[in-house]
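Before any comments, here is the structure.
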Amino acid sequence: MAVGKGLLQLDLYELLGVDEKAVDKEIKKAYRQKALTCHPDKNPDNPKAAELFHQLSLALAVLTDAAARAAYDKVRKAKKQAAERTQKLDERRKKVKLDLEARERQAQAEVNEKEIRITRTLEEEILWLREEGSRQLEKQQRLVQEQIQRKREQRIQGKQDRYREGKGTPKLKLRWKCKKEDEIKGGYSKEVLLQILQKYGEVLNLVISSKKTGSAVVEFATVKAAEMAVKNEVGLISNPLKISWLEGQPQNSTVFSDGSIQPRITKGSVVSEQDYESLVMMQMRQAIERQKLIEQLKQQDE
């Protein structure tokens, strides 16, 4: 009797509930007991009863046929051995996997511990740098404040000395063309005027007249800065500045009809070549700055 492929997937001994060494008598008895419980006539509502009854019949036929049983036992034994090999292989694989996972966990723990040490060291170093930076910042701020205080005291002392001498701080009058309805004030805002004048020295005060358009007064900290502004500054090319003395004019200067001054040249005085070159370089820088201001004003208009 040939053994069907479907039967090879079943454990016929287990299906009948007998030992693999059971004799035909024991097999037939087990069949009768099982068949009675799953006969289709007794289980009309169970659709699987007929299938189970058919499998029991096939199992009886195979296990009571010597040749069929021998072929089935051979296949069953091979399958059992293959299952055991697979189980052993799976166990080895599982052990290797577990060992690998354990090593990975250990390596990760070492990495984490190292990272924690590095992080702790970095945090300590950052804290130290912050504290050191704060100390340096406080030191620099203190030095700056001391320098500002010294300059303020020097400026106050200089003002007191000039007032004692009856001179006061130098003040200049600025004039330029400007119409009342001109929103950009002829191109001269307070920021533009400060940018133009501060290159000569410290500007203490700058007031643009609210009543008279195109007019302002600037107060310099030093006479030298005021002299340089009067001598060299022409303002914007498109709208030149007219600068004249208002207060604090030095006694050794000559006032021309346009309000500008030039040093009075006395006997034996000589303008050096170095001074002339410095003046030319200053005028070139002024021209560049004026051009930048003109471009900025054009961009604002656009």
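The neighbour count for Lys28 NZ, taken as heavy atoms of other residues, nucleotides or ligands under 6.0 Å away, does not exceed 12. Around the NZ atom of Lys79, the shell of radius 6.0 Å holds more than 12 heavy atoms that belong to other residues, nucleotides or ligands. In this structure, Glu91 places its CD atom where more than 12 heavy-atom neighbours from other residues, nucleotides or ligands lie under 6.0 Å away. Counting heavy-atom neighbours within 6.0 Å of His39 NE2, excluding the residue itself, gives a total above 12.
In this structure, Glu124 contributes its side chain and Thr121 its backbone to no donor-acceptor pair below 3.5 Å. Side-chain N or O atoms of Tyr72 include one that pairs as donor or acceptor with a backbone N or O of Leu12 at under 3.5 Å. The backbone N or O of Ile243 sits nowhere less than 3.5 Å from a side-chain atom of Arg175 that would complete a donor-acceptor pair. Of the possible polar contacts, none joining the Asn205 side chain to the Glu219 backbone as a donor-acceptor pair under 3.5 Å is found. Without hydrogens or angle criteria, Asn43 side chain to Thr37 main chain gives a donor-acceptor distance under 3.5 Å.
Interatomic distance, OH of Tyr31 versus CG of Asp24, reported as 14.5 Å (0.5 Å rounding). To the nearest 0.5 Å, atoms NZ (Lys190) and NZ (Lys185) are separated by 10.0 Å. With values rounded to the nearest 0.5 angstrom, Arg76 atom CZ is found 11.5 Å from Gln81 atom CD. Here Leu98 contributes atom CG and Lys95 contributes atom NZ; the two are 8.5 Å apart, rounded to the nearest 0.5 Å. Rounding to the nearest 0.5 Å places CD of Glu20 at 8.5 Å from CG of Asp11. Expressed to the nearest 0.5 Å, how far CG of Leu194 lies from OG of Ser189 amounts to 8.5 Å.
Between Val218 and Val203 the shortest side-chain heavy-atom distance falls below 4.5 Å. Considering only heavy atoms from C-beta on, Asn46 stays 4.5 Å or farther from Leu52 through its side chain. Side-chain atoms of Arg32 and Lys29, non-hydrogen and from C-beta on, do get closer than 4.5 Å to each other. Considering only heavy atoms from C-beta on, Tyr13 comes within 4.5 Å of Asp73 through its side chain. By the 4.5 Å heavy-atom criterion applied to side chains, Thr222 and Glu202 are not counted as neighbours. A 4.5 Å side-chain heavy-atom check between Glu233 and Tyr200 finds at least one atom pair inside the cut-off. Counting heavy atoms from C-beta on, the side chains of Ser215 and Ile208 never come closer than 4.5 Å.
A continuous path of ILVMFWY side-chain contacts below 4.5 Å connects Tyr188 to Leu206, so both sit in one hydrophobic cluster. Both Trp176 and Leu236 are part of a single hydrophobic cluster, where members link through side-chain heavy atoms under 4.5 Å apart. Linking ILVMFWY residues whenever their side-chain heavy atoms come closer than 4.5 Å, directly or via other members, leaves Leu241 and Val207 in distinct clusters. Ile196 and Leu246 fall into different hydrophobic clusters, where Ile, Leu, Val, Met, Phe, Trp and Tyr side chains are chained together by heavy-atom contacts under 4.5 Å. The hydrophobic clustering, which links ILVMFWY residues whose side-chain heavy atoms are closer than 4.5 Å, places Val62 and Val75 together.
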message: Could you walk me through whether Met228 and Val230 satisfy the side-chain contact (heavy atoms from CB on, under 4.5 Å) test, starting with their C-alpha distance in whole Å, then the side-chain angles of each, then the deciding distance to 0.1 Å, before giving a yes or no?
response: CA-CA 6 Å; Met228 292 292 289; Val230 174; over 6 Å; no
- prompt: Could you go step by step and tell me if Glu191 and Gln195 meet the side chain to side chain donor-acceptor pair (under 3.5 Å) rule?
  reply: CA-CA 6 Å; Glu191 291 76 15; Gln195 189 173 359; over 6 Å; no
- request: Output, in order, the C-alpha distance, side-chain angles, deciding distance and verdict of side chain to side chain donor-acceptor pair (under 3.5 Å) for Thr86 and Lys88.
  value: CA-CA 5 Å; Thr86 302; Lys88 290 180 180 179; over 6 Å; no
- prompt: side-chain contact (heavy atoms from CB on, under 4.5 Å) between Lys42 and Leu36: does it pass, once the steps are laid out?
  reply: CA-CA 8 Å; Lys42 292 185 177 182; Leu36 288 173; 4.0 Å; yes
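The two residues Ile27 and Ala22 have their closest heavy-atom pair at CD1-O, 3.8 Å. Of all the heavy atoms in Cys178 and Thr213, the pair that sits closest is O-OG1, 3.3 Å. Summarising the geometry of Ala225 relative to Gly201, their closest heavy-atom pair is CB-CA, 3.9 Å, with the distance given to 0.1 Å. Annotation for Phe220 and Leu204: closest pair O-CD1, 3.8 Å, computed over non-hydrogen atoms. Across all their heavy atoms, Leu172 and Ala226 have their closest contact at CD1-O, 3.7 Å. Scanning both residues, Leu16 and Lys34, for their nearest heavy atoms gives O-CE, 3.7 Å.
For the residue pair Glu104/Gln108, the side-chain donor-acceptor check at 3.5 Å is not satisfied.
Under 4.0 Å is where a charged nitrogen must lie from a carboxylate oxygen, and between Arg117 and Glu113 at least one such pair does. A salt bridge is absent between Asp65 and Arg69: the closest approach of a Lys/Arg side-chain nitrogen to an acidic carboxylate oxygen does not fall below 4.0 angstrom. For the pair Arg135 and Glu132, the salt-bridge criterion is met [side-chain N within less than 4.0 Å of a carboxylate O].
Tested against Lys97, the residues Lys94, Glu101, Arg93 include a single side chain to side chain contact (heavy atoms under 4.5 Å, CB included) partner, Glu101. Checking Arg152, Gln145, Arg150 one by one against Ile148, the side chain to side chain contact (heavy atoms under 4.5 Å, CB included) holds for a single residue, Arg152.
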